[in-house]
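Everything on this sheet refers to the single structure shown next.
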Amino acid sequence: MIKRVGVAVLIVLGISGWIWLLVRGPWVLDNDHLAKITPGAGAAVNGFRTAVAAIGVGAAAIVGIYFTHRAYELNRSAQFSDRYAKAVELLGGESEALQMGGIYALERIMKDSPYDRAAVIETLAAFIRKTSPIPDEGPVELFVSGESNTLPSPVPASARAALEVIARRTPSKRDPAIRLERCDLRGLWIENANFDRARFDYCNLSGSGFPSGSIRGSYFMRANLKGLRLEGSDLTESKFPEAQMEGCSLDGAKIDHVNMMVAKGLSRNVVDAAHSARDAKFPWT
């Protein structure tokens with residue numbers, strides 16, 4: 001409200017100053033030559049006033065363009081808010097078809113609206129945590145990752161689609177951390193995934209595969225990574241405290257500055273197959 005009043009005051013002052021300059025400007029700038037009314041003085045006054053009038057028209061046009069653009073942005077923001085609300089409503093639907101529709105509607109919003117991008121990522125991550133949590137009880141099967149996997153992934157199709165939307169987004173430094181703690185993500189296969197700064201704490205990723213992905217600065221506290229395939233992925237600065245890494249594949253992966261000091265089941269052969277491991281920390285270092 002205060003901002004609008006300030007803008008209105010500036011507009012009123014600007015118009016008043018323009019009118020005063022149009023009427024009195026010539027005499028203020030050159031009173032000695034215009035003190036006497038002569039044909040030359042009249043022409044100078046008219047020329048000055050024409051110039052001031054042109055400036056006023058130009059300024060009015062600029063102000064009009066500004067307010068038109070402002071109105072367009074406000075209307076566009078309102079449209080995105082409405083689209084976001086409808087997509088979240090679909091996401092909360094009981095049927096998988098409705099949920100899938102909400103997921104892909106959110107993906108479109110994420111691409112079209114930079115302002116809503118963070119909210120969309122956080123909403124999709126929350127949906128995955130809700131629909132694919134770690135089972136409280138019962139045995140957990142170890143899946144064989146990759147195309148040879150004969151066991152169906154326990155991850156619901158809607159949660160899998162939400163994870164794929166997050167994974168294939170264009171990277172941005174403004175993206176929030178991807179919180180996927182305590183999720184059951186077994187038996188998934190996503191190539192070229194972007195999981196930078198993801199939190200996989202206590203996740204079960206056994207038998208999954210994220211080859212050629214970007215998983216920089218991510219966290220795997222006590223995660224089950226048995227049989228996880230990360231061939232050619234960039235894991236720079238990621239941390240694996242007490243992660244279970246038996247059978248994990250790091251062939252051709254970049255593991256510079258990673259911390260696997262207290263990882264479990266990690267072998268030298270797995271590390272030796274990595275592309276690079278500068279300043280990395282392992283149980284035997």
Side-chain angles (χ1 to χ4, degrees), residues 96-97 99-100 103-104 106-107 110 121 124-125 127-135 139-171 175 178-220 222-236 238 240 243-255 258 260 263 265-267 269-271 273-275:
E96 191 172 87
Q99 294 173 353
M100 298 288 273
I103 289 166
Y104 294 127
L106 286 171
E107 181 179 25
M110 180 171 59
I121 294 173
L124 291 174
F127 176 78
I128 296 170
R129 294 196 302 270
K130 179 181 178 181
T131 56
S132 190
I134 290 288
V140 177
E141 295 183 82
L142 175 61
F143 283 70
V144 179
S145 64
E147 297 178 358
S148 61
N149 187 359
T150 57
L151 294 175
S153 171
V155 182
S158 55
R160 188 161 60 247
L163 188 65
E164 290 173 350
V165 166
I166 293 176
R168 65 171 173 253
R169 77 193 191 285
T170 303
D175 286 351
I178 307 168
R179 296 187 52 225
L180 297 171
E181 302 97 327
R182 301 182 183 276
C183 289
D184 185 358
L185 302 176
R186 291 172 289 158
L188 297 178
W189 183 266
I190 305 177
E191 298 183 14
N192 303 305
N194 173 24
F195 289 136
D196 289 346
R197 296 171 55 240
R199 299 295 303 243
F200 290 106
D201 308 17
Y202 302 95
C203 275
N204 190 340
L205 292 163
S206 64
S208 289
F210 304 137
S212 304
S214 180
I215 316 177
R216 299 167 59 92
S218 296
Y219 209 71
F220 295 85
R222 296 187 178 181
N224 184 346
L225 309 182
K226 295 179 180 179
L228 177 63
R229 295 177 58 179
L230 296 169
E231 295 96 330
S233 292
D234 186 354
L235 302 168
T236 301
S238 291
F240 300 79
Q244 302 175 46
M245 302 188 68
E246 295 91 336
C248 183
S249 174
L250 297 174
D251 293 9
K254 186 177 181 180
I255 54 175
V258 302
M260 298 178 178
L266 183 65
S267 68
N269 291 336
V270 170
V271 172
H275 177 267

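No experiment lies behind these values; they were computed from the predicted model shown. Here, residue 1 is the first one in the sequence, and each next residue gets the next number.
- Distance check, rounded to the nearest 0.5 Å: CD1 of I190 to CZ of F195 gives 4.5 Å.
- In this structure, CG on N224 lies 11.0 Å from CG on L185, to the nearest 0.5 angstrom.
- For E246, there are no salt bridge (Lys or Arg N to Asp or Glu O under 4.0 Å) partners, not counting sequence neighbours.
- For P154 against R186, the heavy-atom pair with the smallest separation is CG-NH2, 3.3 Å.
- No side-chain donor from either of S267 and N269 sits under 3.5 Å from a side-chain acceptor of the other.
- In this structure, the side chains of I128 and I166 come closer than 4.5 Å at one or more pairs of heavy atoms.
- Of all non-hydrogen atoms in M245 and A263, the two that sit nearest each other are SD-CB, 3.7 Å.
- Taking each heavy atom of L124 and A162 in turn, the nearest pair found is CD2-CB, 4.2 Å.
- In this model, no donor atom of one side chain and acceptor atom of the other lie less than 3.5 Å apart for D234 and S214.
- To the nearest 0.5 Å, the span separating CZ on F240 from CG on L235 amounts to 5.0 Å.
- Under the salt bridge (Lys or Arg N to Asp or Glu O under 4.0 Å) criterion, D175 pairs with R117, R169, sequence neighbours left out.
- Counting non-hydrogen atoms of other residues, nucleotides and ligands closer than 6.0 Å to CZ of R129 gives a total above 12.
- The shortest side-chain heavy-atom distance between L230 and I255 does not fall under the 4.5 Å cut-off.
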